[in-house]
Amino acid sequence: MTSRTRPVRTTVSVVAAVSATLLIALAAFLGLQHQTSANQASGRGEGRSAGAEAQELGDPDYGVCRGTSAKCYHDWGNFSPAADGYRVLLYTRTAGPRHANLGPTLGTGLNPTLADTNVVQNALVRMGTKNGFTVDWTEDVTQLSSPARLFRYNAVVFYSTSRDTLDDAAQTSLRQYVRGGGGFVGIHNAFGTEYNWPWYEGLLGGANFYDHGPDQRGTVVVQNRRDSSTSDLPARWDFTDEWYNLVPAPSKVRVLASVDESTLAEGVTGNQGHPGHGRHHPVAWCQYYDGGRAWLTTLGHDAKAFSTDGSFPGADQFQNLIQGGIESAMGRTPFCRAG
């Protein structure tokens with residue numbers, strides 16, 4: 001009886017082994033097909049060699065409600081623009097590299113004296129005066145020390161801040177402000193700030209500065225013509241910038257504008273090896289985040305971007321873009337509208 005059952009057991013073992021091998025092969029095939037489809041959907045492989053553009057590095061989870069749905073916004077009555085008007089706090093403190101368009105380091109307190117070379121600060125103050133909102137400015141971290149201070153403002157703007165520009169009190173304050181329905185605008189090297197604070201990375205849209213290629217002229221493509229920040233812009237416009245490469249790239253956001261990488265004659269590869277983003281290289285986007293509104297752009301490197309004499313192509317469009325972003329983040333105009 002034993003001799004009769006041995007062949008059966010052997011046959012079963014062989015069948016099981018073959019089946020397992022076939023299942024592994026099928027799984028590998030399906031995985032390859034899935035990756036190929038994903039690459040095709042994202043434009044990878046179209047005119048670019050395999051691995052020649054940045055791949056997604058996962059989908060970070062910041063543990064908050066975020067995305068393009070207003071369900072993530074907290075309208076808790078912390079702002080009364082009808083009575084108080086619209087106010088913006090511009091923060092430009094640097095704890096690392098400092099962009100030339102920020103000019104010399106500012107004194108302490110709120111609204112310290114500005115030099116002519118504080119180009120960004122002067123430009124945003126003029127922008128507010130021209131368009132009916134007040135801009136205060138500071139590089140004093142104590143001015144961000146409590147939510148009560150920040151709730152005086154309908155939006156807080158970080159323009160080319162760098163590295164660890166906030167202390168513990170300011171970090172807590174900014175988070176509570178955003179959770180209470182505050183508006184945040186991050187411009188240019190706001191993406192090179194607070195690298196080791198995951199909540200802030202999420203505020204930027206789940207994105208961070210990695211590197212950039214040559215400072216050069218390229219073409220900005222408006223992806224959403226209905227948003228308040230882009231509705232008055234042409235579909236395509238030339239501009240000169242550093243064209244930030246990002247790791248991670250923004251996710252769960254509404255992309256408002258991108259750069260056409262084919263127009264960057266000196267290439268997109270960054271100084272730390274980032275190969276660029278291919279057909280989907282965002283330069284401006286928006287999202288609701290942890291109760292607040294966040295409007296973001298990587299543009300804004302050159303002081304000439306604030307010129308008004310027509311000498312710098314795209315300056316008018318850039319200024320209109322950030323003005324619209326600020327006004328939408330502070331709730332003066334519709335925020336993050338679908339295209």
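These numbers were taken from a predicted model, which means no experiment stands behind them.
F191 is not listed as a side-chain neighbour of F158, based on a closest heavy-atom distance of 4.5 Å or more. Counting only heavy atoms from C-beta outward, the side chains of V222 and W237 approach each other to under 4.5 Å. Using a 4.5 Å cut-off on side-chain heavy atoms (C-beta onward), L150 and P147 make no contact. No side-chain heavy atom of W199 sits less than 4.5 Å from a side-chain heavy atom of Y62. In this structure the side chain of V220 never reaches within 4.5 angstrom of the side chain of Q317, judged on heavy atoms. Considering only heavy atoms from C-beta on, T94 stays 4.5 Å or farther from T161 through its side chain. Using a 4.5 Å cut-off on side-chain heavy atoms (C-beta onward), E266 and L264 make no contact. No side-chain heavy atom of S162 sits under 4.5 Å from any side-chain heavy atom of R93.
Here CD of E194 is found 4.5 Å from CG of L166. Values are rounded to the nearest 0.5 Å. Note that CZ of R66 is 9.5 Å distant from SG of C72, once rounded to the nearest 0.5 Å. Summarising the geometry, atom CG belonging to N118 is positioned 7.5 Å from atom OG1 belonging to T92; distances are rounded to the nearest 0.5 Å. Between atom CZ of residue R87 and atom CZ of residue F133 there is a gap of 12.0 Å, rounded to the nearest 0.5 Å. In this structure, CG in L106 is found 9.0 Å from CH2 in W137, a value given to the nearest 0.5 Å. To the nearest 0.5 Å, the span separating NE2 on H274 from CG on L246 amounts to 6.5 Å.
Between A265 and Q216, the shortest heavy-atom distance links the atoms N-OE1, 3.2 Å. The two atoms that bring T269 and P214 nearest to each other are O-CD, 4.3 Å, heavy atoms only. Residues G273 and D211 approach most closely at N-OD2, 3.3 Å, considering heavy atoms. Across all their heavy atoms, E261 and H277 have their closest contact at OE2-N, 2.7 Å. Between T138 and G109, the closest heavy-atom pair is OG1-O, 2.8 Å. Across P282 and V255, no two heavy atoms sit closer than the pair CB-CG1, 4.1 Å.
Between the R163 side chain and the A95 main chain, no donor and acceptor come within less than 3.5 Å of each other. A side-chain donor-acceptor contact under 3.5 Å links T263 to the backbone of T219. Using a distance-only test at 3.5 Å, with no hydrogens or angles considered, a donor-acceptor pair links the side chain of D167 to the main chain of A170. Side-chain atoms of S228 never come within 3.5 Å of backbone atoms of G324 as a donor-acceptor pair (strictly under, hydrogens ignored). A donor-acceptor pair under 3.5 Å links the side-chain atoms of D241 to the main chain of G300, judged by distance alone.
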- Query: Can you check side-chain hydrogen bond (donor to acceptor under 3.5 Å, both in side chains) on S229 and W295, steps first, answer last?
  - Reply: CA-CA 9 Å; S229 62; W295 186 94; 3.1 Å; yes

- Derivation of the side-chain contact (heavy atoms from CB on, under 4.5 Å) call for F318 and T240: CA-CA 10 Å; F318 169 72; T240 297; over 6 Å; no

- D164/Y195 under side-chain contact (heavy atoms from CB on, under 4.5 Å): CA gap, chis, key distance, verdict: CA-CA 8 Å; D164 294 332; Y195 276 107; 5.9 Å; no

- Message: Could you walk me through whether H301 and N189 satisfy the side-chain contact (heavy atoms from CB on, under 4.5 Å) test, starting with their C-alpha distance in whole Å, then the side-chain angles of each, then the deciding distance to 0.1 Å, before giving a yes or no?
- Response: CA-CA 8 Å; H301 170 72; N189 207 51; over 6 Å; no

- Message: salt bridge (Lys or Arg N to Asp or Glu O under 4.0 Å), that's the test. Do D238 and R217 meet it? Break it down for me.
- Response: CA-CA 7 Å; D238 287 348; R217 188 164 174 169; 3.4 Å; yes

- Chi angles and distances behind the side-chain contact (heavy atoms from CB on, under 4.5 Å) call for L233, L321: CA-CA 8 Å; L233 298 178; L321 176 72; 3.9 Å; yes

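With Y73 as the aromatic partner, R293 meets the cation-pi criteria of under 6.0 angstrom to the ring centre and within 45 degrees of the ring axis.
Crowding of D232 atom CG: a count of heavy atoms from other residues, nucleotides or ligands under 6.0 Å not exceeding 12. Counting heavy-atom neighbours within 6.0 Å of D309 CG, excluding the residue itself, gives a total above 12.
The ring of Y288 has its center closer than 6.0 angstrom to the ring center of F335.
Hydrophobic clustering (ILVMFWY, side-chain heavy atoms < 4.5 Å, transitive): W285 and V157 are in distinct clusters. Residues L144 and I326 fall into different hydrophobic clusters, defined by Ile, Leu, Val, Met, Phe, Trp and Tyr side chains chained together at heavy-atom separations under 4.5 Å. By the criterion of side-chain heavy atoms lying less than 4.5 angstrom apart, applied directly or through intervening Ile, Leu, Val, Met, Phe, Trp or Tyr residues, L204 is not grouped with L299; the two fall into different hydrophobic clusters. Grouping the Ile, Leu, Val, Met, Phe, Trp and Tyr side chains by contacts below 4.5 angstrom, directly or via other members, places V221 apart from L296. Connection of Y200 to V253 is established within a shared hydrophobic cluster, with ILVMFWY side chains joined at heavy-atom distances below 4.5 Å, either directly or through further cluster members.
Comment: D260 engages R236 in a salt bridge, judged by a side-chain N to carboxylate O separation of less than 4.0 angstrom.
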Sequence neighbours left out, cut at 3.5 Å: what donor-acceptor pairs do the side chains of residues 176-188 make with other protein atoms?
| residue | atom | partner | partner atom | Å |
| --- | --- | --- | --- | --- |
| Y177 | OH | Y153 | O | 2.9 |
| Y177 | OH | N154 | O | 3.3 |
| Y177 | OH | A155 | N | 3.3 |
| Y177 | OH | G183 | N | 3.3 |
| Y177 | OH | G183 | O | 3.4 |
| R179 | NE | D290 | OD1 | 3.3 |
| R179 | NE | D290 | OD2 | 2.9 |
| H188 | ND1 | T298 | O | 2.6 |
| H188 | NE2 | H99 | NE2 | 3.1 |
| H188 | NE2 | E242 | OE1 | 3.0 |
| H188 | NE2 | Y244 | OH | 3.1 |

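Using cut-offs of 30° and 60° on the angle between ring planes, the pair W243 and F239 is perpendicular.
Between the side chains of N131 and Q323, at least one donor-acceptor pair of N or O atoms lies under 3.5 Å. No donor-acceptor contact under 3.5 angstrom links the side chains of R254 and Q287, judged on distance only. Side-chain contact, Q223 with S258: a donor N or O sits under 3.5 Å from an acceptor N or O.
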